[in-house]
Amino acid sequence: MASVRQDKTAKICGVAGCEKEAERSISLKQFSQSSLKLKDQGARSAQLCKEHYKEFKKETKTSRELDKVY
């Protein structure tokens, strides 16, 4: 049986200037559609706190709706 490795450390929001705890993770492809700036350019995914995830959702609402249609 494979063991599951879980990181117990709290993740920090990846947006430049934010030090809050991250609650969501999104791909860099999705993140690039927003105007937010990433701290670590070498990251594979973007960790977002609750406030920045809400801002990301507002900025990308129309493109996400178009993706659902097509």
Side-chain angles (χ1 to χ4, degrees):
M1 178 183 233
S3 63
V4 177
R5 183 174 170 230
Q6 294 181 353
D7 191 9
K8 299 292 180 182
T9 60
K11 298 198 183 274
I12 297 174
C13 183
V15 176
C18 184
E19 296 298 323
K20 295 180 183 175
E21 186 176 343
E23 293 190 8
R24 300 278 183 142
S25 177
I26 60 171
S27 71
L28 290 181
K29 185 177 179 181
Q30 292 174 318
F31 186 81
S32 65
Q33 295 175 354
S34 69
S35 65
L36 300 172
K37 302 294 179 203
L38 195 60
K39 285 181 197 174
D40 182 17
Q41 297 299 327
R44 296 176 72 189
S45 63
Q47 304 289 330
L48 299 177
C49 64
K50 188 175 185 176
E51 290 81 19
H52 284 119
Y53 183 69
K54 187 175 182 180
E55 185 177 337
F56 165 78
K57 281 178 46 179
K58 283 182 182 180
E59 287 183 14
T60 60
K61 183 176 181 177
T62 55
S63 66
R64 288 183 294 115
E65 287 175 351
L66 288 174
D67 288 343
K68 286 181 186 178
V69 173
Y70 297 107

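These numbers come from a predicted model, not from an experiment. Quick note: residue numbers are just sequence positions, from 1.
Closest heavy-atom contact between Ala43 and Leu28: O-CD1, 2.7 Å. The two residues Cys13 and Cys49 come nearest to each other via the heavy atoms SG-N, 3.4 Å.
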Check against side chain to side chain contact (heavy atoms under 4.5 Å, CB included), Gln47 and Ser25: CA-CA 4 Å; Gln47 304 289 330; Ser25 177; 3.5 Å; yes

Worked check of side chain to side chain donor-acceptor pair (under 3.5 Å) between Glu59 and Ser35: CA-CA 8 Å; Glu59 287 183 14; Ser35 65; 2.9 Å; yes

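Residues Lys50 and Lys20 are not in side-chain contact: their nearest non-hydrogen atoms beyond the backbone lie 4.5 Å or more apart. For the pair Ile12/Glu19, a side-chain contact is recorded, criterion being any heavy-atom separation below 4.5 Å from C-beta on.
Atom CZ of Arg64 and atom CZ of Phe56 lie 6.5 Å apart (nearest 0.5 Å). In this structure, OG1 in Thr60 is found 11.5 Å from CG in Leu66, a value given to the nearest 0.5 Å. The CD atom of Glu55 sits 4.5 Å away from the CG atom of Leu36 when rounded to the nearest 0.5 Å. Distance OH/Tyr53 to NZ/Lys58: 13.5 Å, rounded to 0.5 Å.
At least one donor-acceptor pair under 3.5 Å links the side chain of Ser27 to the backbone N or O of Gln30.
Partners of Ser32 by side chain to side chain donor-acceptor pair (under 3.5 Å), not counting sequence neighbours: none found.
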